Amino acid sequence: MYRTNTCGELTLKNLGQSVTLCGWLQRSRDLGGMTFIDLRDRYGVTQLVFNMDSRPDLCEQARKLGREYVLQVKGVVAERSSKNPKMPTGDIEILVDELSVLNAAKVPPFTIEDHSDGGDDLRMKYRYLDLRRNPVRRNLELRHRLAMLVRNYLSDLNFLEIETPCLIKSTPEGARDFVVPSRMNPGQFYALPQSPQQYKQLLMVGGMDRYFQLARCFRDEDLRADRQPEFTQIDCEMAFVEQEDVLQTFEGLMKHLLKEVKGVTYDAFPRITWNDAMKYYGSDKPDIRFGMRFVELDDVAKGKGFAVFDDAQLVVGICAEGCADYTRKQLDELTDFVKRPQIGAKGLVYIKCNADGTFKSSVDKFFTAEDLRAFAEKCQAKAGDLMLVLCGEAMKTRKQLSELRLEMGSRLGLRPSNVFAPLWVIDFPLLEWDEETQRYYAMHHPFTAPHPEDLPLLDQPERWGDIRANAYDIVLNGNEIGGGSIRIHNREVQNKMFHTLGFTDEQAQAQFGFLMGAFEYGAPPHAGLAFGFDRLCSILGEADSIRDFIAFPKNNAGRDMMAEAPSEISKEQLDELAIRLVPQEK
RNA sequence: GGUGCGGUAGUUCAGCUUGGUUAGAAUACAUGCCUGUCACGCAUGGGGUCGCGAGUUCGAGCCUCGUCCGCACCGCCA
């Protein structure tokens with residue numbers, strides 16, 4: 001037996017016991033006559049003590065050991081004469097009488113500490129060392145715990161976890177597919193799933209009723225801090241349900257997770273339509289940890305001779321409480337912030353509500369104190385508040401103001417990572433116009449059912465942009481953590497949908513034929529939802545990047561820095577796959 | 001495809017504005033001393049292709065251009 005105990009569990013209760021421990025050498029302190037070693041494993045750290053008086057041989061051996069050596073020690077649990085209240089095992093130490101080095105180790109390239117001296121890329125390259133650190137280990141423990149909670153909760157509700165294939169048919173809609181050549185079918189390719197969408201719908205046709213899967217998904221698109229080329233979804237589908245059933249089921253799941261992991265309980269999650277989300281937050285994933293809702297100011301801003309406002313499609317502002325004392329420098333910073341190319345506003349108008357009841361604004365030339373009072377009333381701004389106003393083309397301006405709202409929320413400390421504000425966004429548009437290709441695309445996917453009230457609009461091409469979808473997103477702290485829809489199970493509606501998207505019957509048949517075919521054999525009404533599991537972990541783990549919640553993540557360019565993948569393959573492999581590489585032009 | 005920031009001891013960084021003798025600090029590492037440390041302490045020591053290439057210059061870590069790599073963001077992500 002390698003070990004009788006872990007390094008995290010021995011206390012005064014175990015005094016006098018003979019134990020065997022295994023672990024890594026965290027740190028050693030050689031005091032001359034005696035040497036202390038901190039032995040670390042997944043569960044904690046236990047101090048080993050070696051004394052020159054009692055065992056000079058072992059003591060000599062111990063002082064030669066380096067960091068991250070793998071050790072096995074046998075000894076007796078003893079009370080420390082000077083205790084360390086900072087560690088759970090700080091009252092005891094092990095008087096070692098047998099020491100074996102299970103493995104030596106090179107000096108690691110960074111310190112294996114909670115606050116490592118290693119930079120991000122170095123830690124990625126040596127991810128197996130990074131995993132030894134407490135923060136990373138805790139993140140993976142959280143991920144495991146959430147996965148278990150999800151599985152148990154859904155299983156108790158009769159959901160079956162069913163695996164779907166990873167080698168599937170490529171479809172050009174949506175994200176770019178990762179593609180896998182088929183050796184046995186030269187010149188043909190599988191795609192890796194962007195989601196198990198069609199398979200889970202087929203499971204409904206197959207009578208599975210309630211399905212879920214912690215499913216690995218793949219998208220060949222550029223990465224972000226919260227986006228990886230392969231990621232995990234909690235993928236769910238239910239038959240014989242309406243939107244309300246789906247929302248209730250998965251609101252229940254989210255409440256369960258938040259209660260178990262964060263100890264917080266919630267009433268019904270707020271719901272907001274997509275239209276209102278855009279109108280009041282300028283975003284389809286509003287962060288409602290704080291207010292600062294948009295106020296549309298057209299009626300007080302226009303017609304006063306300020307051409308910038310008069311010519312704008314929309315004038316809209318927010319009120320930042322208590323910010324009237326912002327300095328010139330701070331206001332310039334905010335102006336620069338919205339003028340950055342990524343945001344692209346032309347400028348920023350501010351109106352300070354001074355403590356003495358006067359106003360100071362960047363547009364004093366055009367507006368009287370009375371005019372500005374009207375602004376303040378609309379925004380419900382009090383003395384001491386600061387109004388920030390943008391204008392221009394409506395949707396663009398809303399998105400710009402949304403960025404400013406989030407920035408102000410962050411500056412004012414209104415977005416603490418340990419507060420969780422979930423909500424549903426419902427009634428998304430069904431279709432999205434694409435200027436480049438001059439056609440409509442499904443905002444969600446082509447199987448999303450239109451809102452029942454809007455069904456007639458499918459026959460009126462000029463109204464296609466107004467059709468609402470029977471689709472919903474769940475948003476947490478300004479992040480889309482899940483989304484889904486009622487699916488089309490009616491062949492006729494599906495045909496209309498494909499026509500709307502500009503598919504010919506033949507194209508629809510070629511791409512989705514097996515799903516369409518299945519729908520002719522008694523598809524039940526069904527609906528579903530998928531959560532982004534990595535992102536959910538990172539938010540509940542109170543971190544910004546999902547990379548720390550994935551054991552072996554990819555870097556910015558989609559590379560595995562540790563394994564050095566992707567890599568070239570041999571001529572023989574290429575020949576087998578009937579693939580010839582074209583030299584890349586410089 | 002685009003924008004911004006960064007690349008200097010094993011590691012994290014300073015040095016660059018204003019080019020000039022031998023490129024520093026902390027930490028890590030090595031050696032020695034030290035019997036209650038726990039970020040142990042003290043002393044000594046080794047450790048550098050300043051990402052790479054070209055240019056400007058008498059002279060480049062520093063200025064210019066290019067290139068590679070990393071990070072964040074925009075586009076993209078049904």
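Just so it is clear, the model here is predicted, and its values are computed rather than measured. Here is the naming used below: chain letters follow the sequence lines, and residue numbers restart at 1 for every chain.
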Answer yes or no: are there more than 12 heavy-atom neighbours, outside A:Asp332 itself, under 6.0 Å from its atom CG?
yes
Picking from B:U27, B:G70, B:G36, which would you name as closest to the side chain of A:Asp117?
B:U27
Please measure how far the P atom in B:C71 lies from the corresponding atom in B:A60, and state the result in whole Å.
33 Å
In whole angstrom, give me the gap between the P atoms of B:C13 and B:U8.
9 Å
Contact nearer the 5' end of RNA chain B, comparing A:Thr111 with A:Gln47:
A:Thr111
Between the base of B:C77 and the side chain of A:Arg219, is there a donor and acceptor pair under 3.5 angstrom?
no
From the set B:C34, B:C40, B:U37, return the single nucleotide nearest to any side-chain atom of A:Ser82.
B:U37
Scan A:Phe36 against the nucleic acid and name what it touches under 4.0 Å (heavy atoms): base, sugar-phosphate only, or nothing.
base
Candidates A:Arg40, A:Gln26, A:Lys106 - the one meeting side-chain hydrogen bond (donor to acceptor under 3.5 Å, both in side chains) with A:Glu68
A:Arg40
Shortest side-chain distance from A:Asn84, nucleotide among B:G36, B:C38, B:G70
B:C38
Sugar-phosphate, base or nothing in reach of A:Gly66, heavy atoms under 4.0 Å
nothing
Describe the nucleic acid contact of A:Arg176 in one word from base, sugar-phosphate, nothing, applying a heavy-atom distance below 4.0 Å.
nothing
C1'-based separation of B:G51 from B:C69 [nearest Å]:
8 Å
Picking from B:G36, B:G75, B:C38, which would you name as closest to the side chain of A:Arg29?
B:C38
Is a donor-acceptor pair below 3.5 Å formed from side chain A:Arg227 to base B:C76, judging by atom type as modelled?
yes
I want to verify a distance call: between B:G70, B:U35, B:U37, whose nearest atom is closest to the A:Met34 side chain?
B:U35
With a non-hydrogen cut-off below 4.0 angstrom, is A:Thr35 in contact with a base, only sugar-phosphate, or nothing?
nothing
A:Ala175 has its side chain closest, among B:G75, B:C77, B:U37, to B:C77
Can you check whether A:Thr232's main-chain N or O pairs, donor with acceptor, with A:Asp534's side chain at less than 3.5 Å?
yes
Using the C1' atom as the point on both nucleotides, what is the distance between B:G53 and B:G7, in whole Å?
16 Å
Return no unless some side-chain N or O of A:Lys106 is found under 4.0 Å from OP1 or OP2 of B:G10.
no
Using the P atom as the reference point in each nucleotide, state the distance between B:A30 and B:G46 in Å, no decimals.
16 Å
Under 4.0 angstrom, heavy atoms only, what part of the nucleic acid is A:Asp120 near: base, sugar-phosphate, or nothing?
nothing
Specify the separation, in whole Å, of atom CD of A:Glu113 and atom P of B:U27.
14 Å
Categorize A:Arg123 for me: base, sugar-phosphate, or nothing, with a 4.0 angstrom heavy-atom threshold over every strand shown.
nothing
Which residue lies toward the 5' end of RNA chain B, A:Asp434 or A:Arg547, if each is placed at its nearest nucleotide?
A:Arg547
Sugar-phosphate, base or nothing in reach of A:Leu223, heavy atoms under 4.0 Å
nothing
Separation of A:His526 NE2 from A:Met238 CE (nearest 0.5 Å)
12.5 Å
Which base sits across from B:C29 as a Watson-Crick or G-U pair, both distances under 3.5 Å?
B:G45
Do A:Asp235 and A:Tyr211 have side-chain atoms, one donor and one acceptor, less than 3.5 Å apart?
yes
Within the structure shown, what part of the strands sits under 4.0 Å from A:Lys83 by heavy-atom distance: base, sugar-phosphate, or nothing?
base
Looking at A:Glu492, I'd like to know if its CD atom is crowded, meaning that more than 12 non-hydrogen atoms belonging to other residues, nucleotides or ligands lie closer than 6.0 Å.
no
Quick check on A:Gln342: does its CD atom have over 12 non-hydrogen neighbours (other residues, nucleotides or ligands) under 6.0 Å away?
yes
Options B:C29, B:C38, B:G70, nucleotide nearest the side-chain atoms of A:Asp121
B:G70
Euclidean distance for C1', B:G20 against B:A25 (whole angstrom):
23 Å
Identify whether any heavy atom of A:Asn51 sits under 4.0 Å from a base atom; if not, whether one sits that close to sugar-phosphate; answer base, sugar-phosphate or nothing.
base
Looking for any heavy atom pair under 4.0 Å, which part of the strands does A:Gln194 touch: base, sugar-phosphate only, or nothing?
nothing
Nucleotide of B:G1, B:G36, B:G70 approaching A:Arg559 most closely (side-chain heavy atoms):
B:G70
Which of B:C40, B:C38, B:C76 is nearest the side chain of A:Glu221? It is B:C76
Between the base of B:C40 and the side chain of A:Arg27, is there a donor-acceptor distance below 3.5 Å?
no
Give one of base, sugar-phosphate or nothing for A:Met561, where a contact means two heavy atoms less than 4.0 Å apart.
sugar-phosphate
Record whether the side chain of A:Gln342 comes under 3.5 Å of the base of B:G4 through a donor-acceptor pair of N or O atoms.
no
Regarding A:Arg67, tell me which of base, sugar-phosphate or nothing describes its non-hydrogen contacts under 4.0 Å with the strands shown.
sugar-phosphate
Taking atom C1' in both B:A54 and B:C68, compute the distance separating them and give it to the nearest angstrom.
14 Å
Quote, to the nearest angstrom, the P distance that separates B:G41 from B:U27.
8 Å
